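Model, not experiment: these values are computed from the prediction. Heavy atoms only: backbone and side chains are in, while hydrogens, waters and symmetry mates are out. We're numbering straight along the sequence, starting at 1.
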Amino acid sequence: MPSVLFVCVHNAGRSQMAAGWLTHLAGERIEVRSAGSAPAEQINPVAVEAMREAGIDITGAQPKILTADAVQASDVVITMGCGDACPIFPGKRYEDWKLEDPAGQDIEAVRPIREEIRARVEKLVSELVPG
């Protein structure tokens with residue numbers, strides 16, 4: 001089973017939304033992780049609301065610190081604005097998704113971020129679990 005790690009600075013918005021989408025779209029076919037280089041205390045409530053609108057509940061997720069073990073255990077590492085904080089291991093697939101940060105934004109600003117993440121996750125699922 002392929003595994004994907006989503007990384008952003010606070011692990012409170014983009015990476016949690018991406019993990020929520022991947023879990024929703026791939027089910028048990030892909031192992032999903034998320035982490036942050038400087039995790040926040042809690043998930044961004046506007047990100048939670050935006051995902052709830054799409055029928056996905058991410059309220060149970062907690063921001064986690066990025067570890068080298070999490071990177072090593074993942075086949076695909078997707079960074080979202082965490083810069084050089086992510087350790088690089090040979091043989092891993094890395095992608096950097098340029099996405100606006102939902103921190104401090106209202107729901108109208110977060111909805112398009114949510115939809116961009118969904119489109120990218122759908123593409124990722126089609127690459128990792130063809131058919």
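Closest approach of N11 and Q16 over heavy atoms only: O-NE2, 3.1 Å. Between Q105 and V110 the shortest heavy-atom distance is CB-CG2, 3.8 Å. Between A47 and M17, the shortest heavy-atom contact is CB-SD, 3.5 Å.
Between the side chain of K64 and the main chain of Q62, a donor-acceptor pair closer than 3.5 Å is present. The backbone N or O of V77 lies less than 3.5 Å from no partner atom in the side chain of S74, so there is not a single donor-acceptor pair. Y94 contributes no side-chain N or O that, together with a main-chain N or O of T79, makes up a donor-acceptor pair within less than 3.5 Å. Side chain of R33 to backbone of F6: no donor-acceptor contact under 3.5 angstrom is found. Between the side chain of H10 and the main chain of G36, no donor-acceptor pair closer than 3.5 Å is present. In this structure, the side chain of S126 engages the main chain of K123 through a donor-acceptor pair within 3.5 Å. Judged by distance alone, the side chain of R29 and the main-chain N or O of A26 form a donor-acceptor pair under 3.5 Å.
Other residues, nucleotides and ligands contribute more than 12 heavy atoms inside 6.0 Å of the CD atom of E108.
With 3.5 Å as the limit, one finds a donor-acceptor pair spanning the side chains of T59 and D57.
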